[in-house]
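Counting starts at 1 for both ligands and their atoms, in listed order.
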Amino acid sequence: MTSQVRGVQLARLLGQWHSLPGRRRSPDYAALAGAVRGLLADGRLPLGVRLPAERELAEALKISRTTVTAAYRQLRESGHLASRRGAGSWTMLPGTHRVTSSGLWTPQDDVDMIDLGVAALAAPAELVPAARAATEDLPRYLGGAGYHPTGIVELREAVARGYTDRGLPTSPDQIMVTSGTQHALDLVLRLAVSPGAGVLVESPTYPNALAALAARRARIATHGLASDGAGWDADLLLGSIRQGRPKLAYLIPEFQNPTGHLMAADLRERVVAAAHAAGTDLVVDESFVDLPLDGTSLPPPVATFDRHSRVISIGGMSKPYWGGLRIGWVRASAPQVQRLAAARVGVDMASPVLDQLVAVHLLAEAPAIVAERRAQLTVQRDALLGALTERLPDWRVAVPRGGVTLWAELDGPISSALARAAEEVGVRLAPGPRFGLDGTLERFLRLPFTLPAAELVDAVGRIAAVRYDLDRAARPQWREPAVIA
Ligand SMILES: Cc1ncc(COP(=O)(O)O)c(C=O)c1O
């Protein structure tokens, strides 16, 4: 899956490359090479993409071709570019750089830790009454074997109603209940992705999605999101689909994990059209769709623009309700649901009936529960933002208008070092590289606002303390705005 960045696209990504902070008297070619390395390190420029020809980039940047030639030479020497005569130059990272990661991001049950590694809320007060009511309902099911590969009808009806209410008419036979959104993703990938198939994901993205893709031995390509502004670069995203023709693209359009971005309606429409033209299946993870904050209105669901069964939506109970329920779902065409159910029989047969009944009761009270969650998240987000402004004023944070996470741009490529140091003072962090593929994203940190405000403020205080200790301990490591080795 080769994709290419055009001169004007790279020029836009490079922005003010000639006056980046830290530049003093370095020549233009070195500044340009440094800016390209920065884009790679931040995951904005994916690995394995073809850079524009030297002349094209020179024209786009309005600089001499010799400057671009020298910058490309420096990038080749530092191991950031591979070139073949006549075929062009591809982005890469130096061999020493690759960071292996299990890809898994799971909570650990350590009660003394403030766990900022997990972006999920504690259960709502309504959970226990819902569980009691579910046990009352259970006898209705006890006369049967209890295996419902697509889920019990009443839950499929409730989920279908939710989509219909969002403007996407859906029938219960288009829904398959799964044991969580992660399970939904894994099942979809089992059917759609064979080993070596190309899959496009956002960078940064949800780490356990990367783990699921690694398990299918997918060939992963990334679309780099901006940490501020619109997030997705329409031109580049559509270009990656059109040129790369991935088998599947996995996107999180609502309050993306980790950046919090919300994809605009027109891009949704264009992505669906591009996916259809390229023969790409679009898997849309709607985990956070119930959690807009600040009265933010939601664009239509991505699947509204789908006329050809290209879009598979996945979602679940974990974010608005409780992760411990392990209830998620797939929305697809009825035949796709049948194929997924057949595949699922070889995995786990069906989801637990009792948990599905609990979900039915919670969904019956959705408006009240979700309103309370949003209010809680707003308070917690604002407490976190306030603490960051006060204690870590050099970090840059775009205010997320929904979801449960913010994506902080740090004052240096220190994310992993900071996570190690924070662990020592009782705070577990998910450092930036966990959300990317190649050990990039060291200048970023995901901070969820799912814990009570006082704990968030406490955690930021501890992080700030170790941040300044890092300064003293490890100065030479991260003063240079370069790729981390
Ligand atoms: C984007 C995204 N998808 C899927 C999941 C997993 O959700 P579930 O608990 O429903 O499996 C999460 C949980 O953090 C998530 O953020």
Quiz item: Quick one: do the E442 and S416 side chains pair a donor with an acceptor below 3.5 Å?
Solution: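 Their side chains do contain a donor-acceptor pair, which is all the 3.5 Å distance test asks for.
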Practice problem: Would you mind listing every salt bridge (Lys or Arg N to Asp or Glu O under 4.0 Å) that reaches into residues 296-314, with sequence neighbours excluded? | Solution: D281-R310
Practice problem: Look at atom CZ of R216 and say whether more than 12 heavy atoms of other residues, nucleotides or ligands are closer to it than 6.0 Å. | Solution: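 Counting other residues, nucleotides and ligands, CZ of R216 exceeds 12 neighbours.
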Practice problem: Could you please provide the protein residues found below 4.0 Å of ligand 1 on a heavy-atom basis, arranged by chain and number? | Solution: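 Those residues closer than 4.0 Å to ligand 1 by some heavy atom are G180, T181, Q182, Y206, Y250, I252, N257, D285, S287, F288, S318, K319, R326.
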Quiz prompt | Partners passing salt bridge (Lys or Arg N to Asp or Glu O under 4.0 Å) against R326 (at least two apart in sequence or in another chain) | solution =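 R326 satisfies salt bridge (Lys or Arg N to Asp or Glu O under 4.0 Å) with no other residue.
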Self-check item: H148: ring pair (Phe, Tyr, Trp, His ring centres under 6.0 Å) partners, not counting sequence neighbours
Solution: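 Scan of H148 (ring pair (Phe, Tyr, Trp, His ring centres under 6.0 Å), adjacent residues dropped) gives Y141.
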Quiz item: Could you walk me through whether Q380 and L121 pass the side chain to side chain contact (heavy atoms under 4.5 Å, CB included) check?
Solution: CA-CA 11 Å; Q380 290 170 188; L121 291 160; 4.1 Å; yes
